[in-house]
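For reference, the structure is listed below as C-alpha cells.
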Amino acid sequence: MDELQAPAAPTPVERVRDRGPFLGLLIGAAVIAWIARDILGPFILAAVLAYAFGPLVSVAQRRTGWPRFAVVAVAYVFVIAILVLVAYFLAGRIAHEISLLAASGPDSLATLLRQIVGSDTITVGGQQLAV
C-alpha cells in the first residue's frame, strides 16, 4: 500500500539572504560619491534642471510640433540671450564697483578690523599687532 501513496510534498526551505555584497556595494558607492563630491555638483544640478523643465519641453514640443532637440535649442538660445542682455546692462556698474573695491580694498579691511576690535591694535599672546 505504500507504493500507491503520493510522495510527500517537499517542505519549503526558508532562504536566508546574504546582505553582505549589497552592503559592500552601498558602502563602495558612498565612498566614490564622497571622493567625487566636488565633481558631482554640476551633474546633480543638471539632473534637477532636466527634471524640472522636462514637462515644459514636452508641452512646447506638443504645441509647436517641433522635435525635442529644436525646442531645447530654442530654449538655450533664449536663456543665453537673456544672460547676455543682463551682462550688457550691468557691465558698467560691475566695472565701477570692481574699480572701487580695488582702490579701497586694503583700507576697507583695516576699517572692518577697527570696527570689530574697537582699536588700532590687537593683543595676541602678549604681542601688540597693528591693524
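If you read the sequence from its start, that first residue is 1, and numbering goes on from there. Heavy-atom basis, side chains included; hydrogens, waters and symmetry copies ignored.
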**Study point:** Qualifying residues under side-chain hydrogen bond (donor to acceptor under 3.5 Å, both in side chains), relative to Ser58, sequence neighbours excluded
**Key:** Arg68
Revision key, fill the gap. In short, salt bridge (charged side-chain N to carboxylate O under 4.0 Å, His left out) pairs touching residues 43-58 with sequence neighbours left out are none
Point to revise | Within residues 73-98 or reaching into it, pairs that qualify as side-chain hydrogen bond (donor to acceptor under 3.5 Å, both in side chains) - sequence neighbours excluded | key: Arg93-Glu97
Review point. Looking at residues at least two apart in the chain, or sitting in another chain, which of them share a side-chain contact (heavy atoms from CB on, under 4.5 Å) with Ile94?
Key: Leu90, Ile98
Review point. In the single-linkage hydrophobic clustering (I, L, V, M, F, W, Y; side-chain heavy atoms under 4.5 Å), do Phe53 and Val72 co-cluster?
Key: no
Check your understanding: If you group Ile, Leu, Val, Met, Phe, Trp and Tyr whenever their side-chain heavy atoms sit less than 4.5 Å apart, what else falls in with Leu83?
Key -> Val79
Donor-acceptor pairs under 3.5 Å, side chain of residues 27-51 to any protein atom, not counting sequence neighbours: which ones?
| from | atom 1 | to | atom 2 | distance (Å) |
| --- | --- | --- | --- | --- |
| Arg37 | NH1 | Trp34 | O | 2.7 |

Review point. Do Leu56 and Val59 belong together in a cluster built from hydrophobic side chains that touch within less than 4.5 Å?
Key: no
